[in-house]
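The chains referred to below are lettered A, B, ... by the order of the sequence lines, with proteins before strands, and numbering in each begins at 1.
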Protein chains: 2
Amino acid sequence: MAEEYVQSLARGLAVIRAFDAVTPELTLSDVARKTDLTRAAARRFLLTLVDLGYVRTDGRLFSLSPRVLELGYAYLSSLSLPEVALPHLERLVAEVHESASVSVLDEADVVYVARVPTTRIMRVTIAIGTRFPAHCTSMGRVLLAGLSPAELDAFLAGNPLERLTPRTVTSPVALRSELDRVRAQGWAMVDQELEEGLRSIAAPIRNRAGRTIAAVNLSSHASRTTLESARRDLLPPLLATAARIEADLHAAASREATP
Amino acid sequence: MAEEYVQSLARGLAVIRAFDAVTPELTLSDVARKTDLTRAAARRFLLTLVDLGYVRTDGRLFSLSPRVLELGYAYLSSLSLPEVALPHLERLVAEVHESASVSVLDEADVVYVARVPTTRIMRVTIAIGTRFPAHCTSMGRVLLAGLSPAELDAFLAGNPLERLTPRTVTSPVALRSELDRVRAQGWAMVDQELEEGLRSIAAPIRNRAGRTIAAVNLSSHASRTTLESARRDLLPPLLATAARIEADLHAAASREATP
DNA sequence: ACTCCAATGTTCGTAATACGAACGAGAGTT
DNA sequence: AACTCTCGTTCGTATTACGAACATTGGAGT
């Protein structure tokens, strides 16, 4: 490792990540296998995490405790965006009856920071913190379109565009031209490129300087809408919501500057 | 330290926690001061966290990246509770126009795992992961009332009941009898014991075995409601919501057992 | 019921890791 | 311009965390 690097921290965080929604309870050996650590090492990290309150155990099985949320909490609460956006998302969902979300860009992924689901039961659960590849999501397209040319070049150079469905755009050239269109029209629509049957439409949220800092979207099953109906019925309320969030965000920013 | 303990992991997590909503951007020295580490140590951990993608830096200032959410994400998404509860919270908020939340107990604190705010601007921001002392919150009272006698004894023995407002119940004896009442009546009301002007009412969410696993609440400003109006207008919808969440949760649990 | 096997969890001497004192760089003040 | 104070960085060392080896548990086979 070129840089100064604390191996134990990296390994300890890997232990936290070893737990997932499918297997929320793991034995010591399970953790060792998932993290490529020796059992002795896994044990040390687990005992440390139990001591710190991040992990619980009955002696055999280990699971995450609610305290792990505090690690993301500082980030979430420092971001005024979710707080500001939520009421507007509620209103949007009440109007169009589709799930609405807000996300930010992190490396090559979009990360959900606020979400209002419809009452419909959905196949994929999307919690705060969920990550999806930017290149094949509507919010990702909007966020990528907001990057500087240099940043976009770096993104395309560093990240292969993985094919997740037959419709996924995987050519950098094609994505570039799609991003040009998104930038020009001010919104993005993605049709079943992330997952079969999933269609979504997104709009940017910009700061005062005009830089895209987040995206808001509506997503629905392909069976419920056509591309035209989405554009006709969902786009106008979505754009109005994005504008309202932006306005509130700018107002909140001024309030902070001059309290 | 009696147990096997990885110091570097504990220190590294402390570095993550050094960031908060008030000061989301810190210099290396700021972090060192906040964590009681030497600057050299703080530097090692920060560089490691930058390398792992959990922290961003412009060279001078450090801040958390959205990736920190992934540490809490596994916990959140393994918990079916927020997913199940959210639609019911939405409905409740639409009906009574007060903010609704769901929390679980962790050590001596309640931890918010789902929340639907009203459009009203509030003084205190409550994000997912926010912690409050259990003894002086309505959800905390409901959760403490659901503990076994032995667990409650351990709680009272291990945690001094801090006075946060003049009204906070700080005597273990008084709290015990209040918890008895809460257990008998099936809900809790707390009037400005956490913060002046804040009044809230909570109900338990139980698993099939009858154990209280979470609490749902409504909170409002003392100026907007009286104790009687809260009990008359808020309690019935709150109890109905708790019942609906419980029913859905039990249904989801059976679906999981026999897919 | 007993033995054996395979997996799990734990111990402890060692070497690599992370430690912090000492150093150097940079900004603000007199 | 010289000084000072705080910041970030380096590097030899001692402590920390490492994992091979050992102990323990649970289950399959006879």
Side-chain angles (χ1 to χ4, degrees), chain A residues 1-20 22-65 67-68 71 74-75 78, chain B residues 1-20 22-65 67-68 71 74-75 78:
Chain A
M1 200 68 47
E3 333 186 22
E4 291 225 49
Y5 197 76
V6 182
Q7 189 191 53
S8 302
L9 175 55
R11 290 179 165 188
L13 291 172
V15 167
I16 294 180
R17 273 174 305 178
F19 296 88
D20 59 35
V22 186
T23 52
E25 295 196 310
L26 299 170
T27 65
L28 192 159
S29 296
D30 291 338
V31 171
R33 264 188 299 273
K34 279 208 167 189
T35 54
D36 284 314
L37 294 171
T38 60
R39 290 194 301 282
R43 181 168 179 268
R44 282 194 297 276
F45 291 117
L46 284 170
L47 291 180
T48 304
L49 290 169
V50 168
D51 194 84
L52 294 171
Y54 292 109
V55 168
R56 288 170 175 175
T57 180
D58 62 353
R60 188 162 320 193
L61 290 168
F62 294 84
S63 60
L64 295 178
S65 99
R67 190 173 285 271
V68 294
L71 297 171
Y75 171 76
S78 72
Chain B
M1 199 69 45
E3 331 187 20
E4 292 225 46
Y5 197 77
V6 182
Q7 190 192 52
S8 302
L9 175 53
R11 289 179 166 188
L13 292 172
V15 167
I16 294 180
R17 274 174 307 180
F19 296 88
D20 59 33
V22 185
T23 51
E25 296 195 310
L26 298 170
T27 65
L28 193 161
S29 296
D30 291 338
V31 171
R33 264 188 300 272
K34 277 208 168 188
T35 52
D36 283 314
L37 294 171
T38 60
R39 290 193 301 280
R43 181 169 179 267
R44 281 194 296 278
F45 291 116
L46 285 169
L47 291 180
T48 303
L49 289 169
V50 168
D51 194 83
L52 294 170
Y54 292 109
V55 168
R56 288 170 174 175
T57 180
D58 61 353
R60 189 163 318 196
L61 289 169
F62 294 84
S63 60
L64 295 178
S65 100
R67 190 173 285 270
V68 294
L71 297 171
Y75 170 77
S78 72

Test side-chain contact (heavy atoms from CB on, under 4.5 Å) on A/Val31 and A/Leu37; report intermediate values, then the result. CA-CA 8 Å; A/Val31 171; A/Leu37 294 171; 5.7 Å; no

Taken to the nearest whole Å, CG/B/Asp30 to P/D/dT6 is 13 Å

If you compare every side-chain N and O of A/Gln7 against the phosphate oxygens of D/dT16 (OP1, OP2), does one of them come in below 4.0 Å? no

To the nearest 0.5 Å, how far apart are CG in A/Leu28 and CZ in A/Phe45? 12.0 Å

Rounded (10°) bend between the five-pair end axes of the helix from C/dA1-D/dT30 to C/dC23-D/dG8: 40°

For A/Gly59, is there any backbone N or O sitting under 3.5 Å from a side-chain donor or acceptor partner on A/Thr57? yes

Protein-nucleotides 20-27 of chain D N/O pairs closer than 3.5 Å?
none

Does anything in residues 35-48 of chain B form a salt bridge (charged side-chain N to carboxylate O under 4.0 Å, His left out)? List the pairs, not counting sequence neighbours. A/Glu4-B/Arg43

Once rounded to the nearest 0.5 Å, what's the spacing between atom CG of B/Leu52 and atom CG of A/Leu9? 6.5 Å

Gap between atoms CZ and P, on B/Arg43 and D/dT10 respectively (whole Å): 6 Å

Does a donor on one side chain and an acceptor on the other come within less than 3.5 Å for A/Asp51 and A/Thr48? no

Non-hydrogen side-chain atoms of B/Val6 and A/Arg11 separated by less than 4.5 Å: no

Could you say whether B/Val6 or B/Thr27 is positioned toward the 5' end of DNA chain D, judged by the nucleotide with the nearest heavy atom to each? B/Thr27

When you measure from the side chain of B/Thr35 to the backbone N and O of B/Val15, does any donor-acceptor pair fall under 3.5 Å? no

Does B/Arg33 place a side-chain N or O at less than 4.0 Å from the phosphate oxygens OP1/OP2 of D/dC7? yes

First contact, last contact: which nucleotides of DNA chain C are these for chain A, 5' to 3', heavy-atom distance under 4.0 Å? C/dT8 to C/dA18

List for me each residue that meets side-chain hydrogen bond (donor to acceptor under 3.5 Å, both in side chains) alongside B/Thr38, sequence neighbours excluded, and say none if there are none. none

Side chains of B/Leu49 and B/Val68: closer than 4.5 Å at any heavy-atom pair? no

Residues forming a side-chain hydrogen bond (donor to acceptor under 3.5 Å, both in side chains) with A/Thr27, sequence neighbours excluded: A/Asp30

Of B/Arg44 and B/Phe62, whose nearest nucleotide on DNA chain D comes first from the 5' end? B/Phe62

